[in-house]
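The structure under discussion appears below in the form of structure tokens.
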Amino acid sequence: MQMASNIREKHVAVFAFPFASHPALMLTLVRRLASAAPAVAFSFLNTETSNRALFAEPGCDNIKPYNISDGKPEGYVPVGNPEEGINLFLAVAEDEFRRGVRVAEMDTGLKITCIVVDAFLGFSGDIAEEMNVPWVGFWPSGTCSLAAHFYTDLIREKTAQLIVSTGPDGEIVDLIPGLESVRLGDLPSGVVSGNLESPFATMLHKMGRTLAKATAVPINSFQELDPDLTKNLSSKLNNFLNIGPFNLISKENTASKVDEFSCMKWLDNQKTRAVAYICFGTFFNLPPQELVELAETLEETKTPFLWSMNKDSYKHFPKGFLERTIANGTGKVVPWAPQDQVLNHVAIGVLVTHGGYNSMLESIGAGVPMICRPYLGDHYINSWMVERVWGIGLRIQGGNFTKHATRRALEQVLSLSKSMDEKIKTLKDLAHKAAAPNGSSNQNFKTLVEVVCGAGLHLEPNF
Ligand SMILES: *[C@@H]1O[C@H](CO)[C@@H](O)[C@H](O)[C@H]1NC(C)=O
Ligand SMILES: *[C@@H]1O[C@H](CO)[C@@H](O)[C@H](O)[C@H]1NC(C)=O
Ligand SMILES: *[C@@H]1O[C@H](CO)[C@@H](O)[C@H](O)[C@H]1NC(C)=O
Ligand SMILES: *[C@@H]1O[C@H](CO)[C@@H](O)[C@H](O)[C@H]1NC(C)=O
Ligand SMILES: *[C@@H]1O[C@H](CO)[C@@H](O)[C@H](O)[C@H]1NC(C)=O
């Protein structure tokens, strides 16, 4: 401890939002910062369950996890409502992060010099202000959803006064600055629809209202993807910094995972750009009826597929489906796939996805078009971007898998029109350029290191 306080002068507190992919992305960011500035101490405040999963493998010496409560009472039994866990956590989060900061300061003997938070944690700006340290709000999702939350008051005002004009598909022109149009139903819930008073919606609303006070707002994206949104947010936020896509910059997470179900070997025997890779993320299960519709359409259209899904859902497949498709070599179902590697295999023709932002970034990085079936949160606006703004895929017609809509979507995307092909290639190219050592995202990252760690600090020469 004595040693540590001699060599380390700066101390960054990190506040994670312990749900879905948020903490893992935050740790990826913090690892980049910590390797760039080895003389800075990083204290990673997160729930014990999440920390246990994240820190199972050794990482940087200058990152230390601290456990805070998840707010669950002793003997808690989940009620099955996904927001319940979030609500319990939010009820204690502010106090717990304050307590965590005190513990980390005592433990290291160093005062906090900067707070880096998941921007979802809207209340954390007050803590940084009281401590009089820079507040850095990391947005782990897309620019479109950030803009929807940042402009919530403006959007509510425009829709309430009906000063909006709708297009043929119900899209509203100029609802979000920097986005030509969007449909109301595609905005994340809590902006104009859903329970606007829930703890979660309230927190995001507060975040939108206070984020302009942040010293920097890094985002896991690249500025060439959404130039107009980026331009607008850059005029409103301090140091709005596109520093992604993380999957193209920080390879260490994916590279270490072995292909235990031999997906790559199976793909080697498939035709170029023919396979539908289906994955709805770790946190969502397709409703059984839609699973059947999708499976039957794949079989009827003889579309080769690699389907990564939770084993618990295998029982919902139509009778004999697995046996038939596996025996014929047209399909493979696995409980887990090395997604980034799979997407980069030449056999993959389409990603069928829930529209989670990370999957989209991986698909763009690999140049694979998408079919989206959004579930919640930002999936809808992400899917809108894919279909209408970026032109690199489709949202499933009607929003659910039916045979008719699925057949149509597979045909359209797998036949890959010239325009879609050009658009996905262009975005792929821009993503790789941004992530290159001299690319925009790495330039922006250098600025972020200075904000978080302080200018004039000793940094690694080639971080
Ligand atoms: C925090 O949680 C981890 C994972 O369960 C555990 O190994 C560690 O001892 C805990 N730390 C403290 C200070 O309780
Ligand atoms: C961004 O949008 C806001 C709200 O419409 C507007 O006031 C501002 O001028 C825009 N900034 C830029 C750079 O276009
Ligand atoms: C799969 O094999 C079965 C016989 O086992 C055959 O009847 C069926 O037509 C085959 N399907 C495809 C898609 O090749
Ligand atoms: C379609 O999906 C939505 C959202 O996931 C769901 O609420 C609805 O029940 C589904 N409709 C049908 C017909 O499956
Ligand atoms: C990066 O930029 C610097 C200065 O602009 C230049 O000297 C260097 O050669 C570039 N490196 C690469 C890999 O492009």
Side-chain angles (χ1 to χ4, degrees), residues 1 4 11 13-19 23-24 26-27 30 41-72 74 76 85 89 92-93 95-110 139 142-165 172-182 187 191-192 205 208-214 217 219 223-242 381 389:
M1 214 44 66
H11 182 191
V14 180
F15 296 2
F17 179 69
F19 299 96
M26 181 57 110
L27 185 59
V30 171
F42 289 83
S43 295
F44 196 93
L45 279 51
N46 188 16
T47 57
E48 177 170 345
T49 324
S50 178
N51 269 341
R52 195 183 305 135
L54 289 183
F55 290 91
E57 287 160 36
C60 305
D61 290 345
N62 52 331
I63 305 174
K64 187 166 174 193
Y66 289 90
N67 302 334
I68 61 167
S69 168
D70 57 13
K72 288 181 184 148
E74 196 99 16
Y76 169 76
F89 172 70
V92 301
D95 288 345
E96 280 296 302
F97 282 119
R98 285 179 196 275
R99 186 185 61 78
V101 162
R102 287 194 298 272
V103 172
E105 284 186 335
M106 293 229 306
D107 187 31
T108 56
L110 292 169
W139 187 254
T143 315
C144 52
S145 54
L146 173 60
H149 291 293
F150 182 73
Y151 281 118
T152 292
D153 284 329
L154 179 71
I155 293 168
R156 288 181 184 174
E157 212 176 288
K158 282 186 182 176
T159 48
Q161 297 177 0
L162 293 172
I163 45 169
V164 293
S165 60
I172 298 178
V173 175
D174 210 14
L175 186 61
I176 299 178
L179 190 59
E180 195 180 310
S181 69
V182 70
L187 295 174
V191 175
V192 290
H205 189 203
R209 287 180 158 180
T210 51
L211 203 59
K213 286 194 201 168
V217 180
I219 184 168
Q223 60 201 37
E224 296 79 6
L225 180 63
D226 297 304
D228 297 339
L229 284 165
T230 298
K231 184 164 170 232
N232 187 279
L233 286 176
S234 299
S235 76
K236 295 284 175 182
L237 299 170
N238 301 308
N239 291 306
F240 177 55
L241 299 168
N242 281 265
I381 197 164
V389 181

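No experiment lies behind these values; they were computed from the predicted model shown. Remember, it's 1-based here, ligands and their atoms both numbered in the order they're listed.
- Nearest protein heavy-atom neighbour of atom 11 (N) of ligand 1: Asn67 ND2, 3.0 Å.
- Protein heavy atom nearest atom 4 (C) of ligand 2, with residue, atom name and distance: Pro177 CG, 3.8 Å.
- Using modelled atom types, no side-chain atom of Arg156 and backbone atom of Val192 make a donor-acceptor pair closer than 3.5 Å.
- Under a 3.5 Å cut-off, the side chain of Asp70 and the backbone N or O of Phe89 do not form any donor-acceptor pair.
- Shortest contact from atom 1 (C) of ligand 2 to any protein heavy atom: Asn232 ND2, 1.5 Å.
- Polar contact with ligand 2: absent for Lys231 (N/O pair, distance under 3.5 Å).
- Summary of contacts: the protein heavy atom closest to atom 5 (O) of ligand 1 is Glu48 OE2, 2.9 Å.
- Closer than 4.0 Å to atom 9 (O) of ligand 1 lies none of the heavy atoms of the protein.
- Relative orientation of the Phe15 and Phe97 rings is parallel, given thresholds of 30° and 60° on the angle between their planes.
- For atom 7 (O) of ligand 2, the nearest non-hydrogen atom of the protein is Lys236 NZ, 3.8 Å.
- With Glu96 contributing its side chain and Ser69 its backbone, the two residues share a donor-acceptor pair below 3.5 Å.
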Next on the checklist: Run the side-chain contact (heavy atoms from CB on, under 4.5 Å) test on Leu146 and Leu211 for me, step by step, so that the C-alpha distance in whole Å, both residues' side-chain angles and the decisive distance to 0.1 Å come before the verdict.
Outcome noted: CA-CA 10 Å; Leu146 173 60; Leu211 203 59; 3.7 Å; yes
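- At distances below 3.5 Å, at least one donor-acceptor pair connects side-chain atoms of Asn238 with backbone N or O atoms of Ala212.
- Checking atom 13 (C) of ligand 1 against the protein gives no heavy-atom contact under 4.0 Å.
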